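First comes the structure, then the notes that go with it.
The structure presented is a predicted model; accordingly, all values stated were derived computationally and were not measured. Note that the numbering runs from 1 along the sequence shown for the chain.
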Amino acid sequence: MTDFSRPLADVSRHRDFTPLTDADLDELDAALLALAEAGRGALPLDSVHGFFAGDLCGPGPRPLAEAVDFALGAAPAFASPRQAERVRALLRRLWMQVRAELEDEAFEPLLYAGDSDDDVPVFQGWCLGFLDAVESSEAWQDALDAEPDDAEEDPDSLAHALLPIVTLAYRAIHEALEDAAGDDTAPDDELPPDTREMVAALDDETLHELADSLGPAACLLHATCAGLRAAWAEPQQPVRVDKIGRNDPCPCGSGRKFKKCCGANAD
């Protein structure tokens, strides 16, 4: 059985879905790994959980079906239609469970456990999945762009609440770059030198503290973005334009008929 550092929260009182069991998580974990190994771009389970959390706690969550498609990647190679529906059903339940935990302020990230109790939980995949949600969301980018450049210093800002997640995501990128050093297929180093230096210097105690803060950070972001989500979800009302008759007074206020003024070139 896959060893996670902490179980999913109890959301059994929610009646719109059945919470995932440990066996469900193991099944989903194995299915996503098989899809990833087939080169289909599916995210691993911890990254899916991070992606769903990052999207759902943000200012403009994707529809459920779109979030599931993102998690599965391009053209997933399922063994059969039955397996495809089973994996999608498990992902839908996981999405609903993440949403319920965030709404109940009982959210914790799904992190793989280390080899021993003293090890830092495996935060890399979860944080990178969360960052995928932020970077691929128009609503997230608009909200962050609306904040001042020094927003990280403001404890009420989105940028400040994102700090522990982004810091650990950058640490994960730094570790991947270090592992791929000298490899011709290594990813481009997109981290500024000062950022790489900062995340490289994080010790295990600090990493533990940051990993422990991921759940509260996600809950804070979910609460902070509540108003933005409501505004993003509001349907746009069609703009009603009253038709102007050719012999009506021109709306520009000139006193002339519309056909002799602004409507002269309307035909």
Side-chain angles (χ1 to χ4, degrees), residues 6 8-17 19-20 43 46-71 91-111 123 126-170 209-241:
R6 53 179 66 89
L8 292 177
D10 178 15
V11 289
S12 56
R13 64 183 173 279
H14 290 268
R15 301 302 181 190
D16 56 343
F17 73 99
L20 274 74
L43 298 177
D46 56 345
S47 294
V48 171
H49 193 265
F51 175 80
F52 286 171
D55 197 52
L56 285 165
C57 76
R62 295 165 173 80
L64 170 55
E66 186 178 330
V68 168
D69 286 343
F70 189 102
L91 286 170
R92 289 193 291 268
R93 285 166 58 194
L94 182 64
W95 183 93
M96 290 182 226
Q97 186 148 352
V98 170
R99 182 183 62 179
E101 290 180 5
L102 288 168
E103 290 174 353
D104 290 351
E105 297 183 358
F107 178 82
E108 289 291 344
L110 190 64
L111 308 181
F123 60 81
W126 191 90
C127 290
L128 290 173
F130 194 106
L131 200 61
D132 273 344
V134 173
E135 292 183 341
S136 62
S137 165
E138 180 184 349
W140 257 120
Q141 294 305 307
D142 287 349
L144 291 171
D145 288 344
E147 295 190 331
D149 293 339
D150 60 350
E152 288 185 359
E153 306 300 325
D154 180 0
D156 295 325
S157 71
L158 295 177
H160 184 84
L162 277 168
L163 268 177
I165 301 169
V166 171
T167 299
L168 288 181
Y170 286 169
E209 292 174 354
L210 288 170
D212 288 342
S213 72
L214 293 176
C219 289
L220 175 60
L221 286 164
H222 185 262
T224 303
C225 289
L228 295 173
R229 278 193 302 277
W232 185 268
E234 286 180 0
Q236 296 295 318
Q237 297 297 323
V239 178
R240 179 178 177 180
V241 179

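Below 30°, between 30° and 60°, or above 60°: for His49 and Phe107 the angle between ring planes is below 30°, a parallel geometry.
Trp95 has its side chain out of reach of Val48: every pair of non-hydrogen atoms, C-beta onward, lies at least 4.5 Å apart. With contacts defined as side-chain heavy-atom distances shorter than 4.5 Å, the pair Trp126/Leu168 does not qualify. For the pair Ile165 and Leu221, the minimum side-chain heavy-atom distance is below 4.5 Å. Side-chain contact between His222 and Glu105 is absent, with no heavy-atom pair separated by less than 4.5 Å.
The backbone N or O of Ser157 sits nowhere less than 3.5 Å from a side-chain atom of Glu147 that would complete a donor-acceptor pair. A side-chain donor-acceptor contact under 3.5 Å links Arg93 to the backbone of Pro19.
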From CA spacing to verdict: side-chain contact (heavy atoms from CB on, under 4.5 Å), Leu128, Asp132: CA-CA 6 Å; Leu128 290 173; Asp132 273 344; 5.6 Å; no

Can you list the steps and then say if Val134 with Val166 is a side-chain contact (heavy atoms from CB on, under 4.5 Å)? CA-CA 10 Å; Val134 173; Val166 171; over 6 Å; no

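Nearest heavy-atom pair, Pro109 versus Leu214, reported as atom, atom and distance to 0.1 Å: CG-CB, 3.8 Å. Contact detail for Trp140 and Cys57: the closest heavy-atom pair is CZ2-SG, 4.3 Å. Looking at every heavy atom in both residues, Leu43 comes nearest to Phe51 through CD1-CB, 4.3 Å. Scanning all heavy atoms of the two residues, the minimum distance from Ser137 to Gly60 falls at OG-O, 4.4 Å. Taking all atoms of both residues into account, the shortest heavy-atom contact from Gln97 to Leu20 is OE1-N, 2.9 Å. Smallest separation of non-hydrogen atoms from Pro164 and Ala217: CG-CB, 3.9 Å.
The line from CG of Leu162 to OG1 of Thr167 is 10.0 Å long, rounded to the nearest 0.5 Å. If you take NE2 on His160 and CG on Asp150, they are separated by 12.5 Å, rounding to the nearest 0.5 Å. The distance from atom CG of Leu102 to atom CG of Leu220, rounded to the nearest 0.5 Å, is 11.5 Å.
Sorted by first and then second residue, the salt bridge (charged side-chain N to carboxylate O under 4.0 Å, His left out) pairs involving residues 57-68 (not counting sequence neighbours) are Asp55-Arg62, Arg62-Glu66.
A search for salt bridge (charged side-chain N to carboxylate O under 4.0 Å, His left out) contacts involving Asp142 returns nothing, not counting sequence neighbours. Looking at residues two or more places apart in sequence or on another chain, you find no side-chain hydrogen bond (donor to acceptor under 3.5 Å, both in side chains) involving Asp154.
Annotation: Asp145, atom CG; neighbour count of heavy atoms from other residues, nucleotides and ligands within 6.0 Å is above 12.
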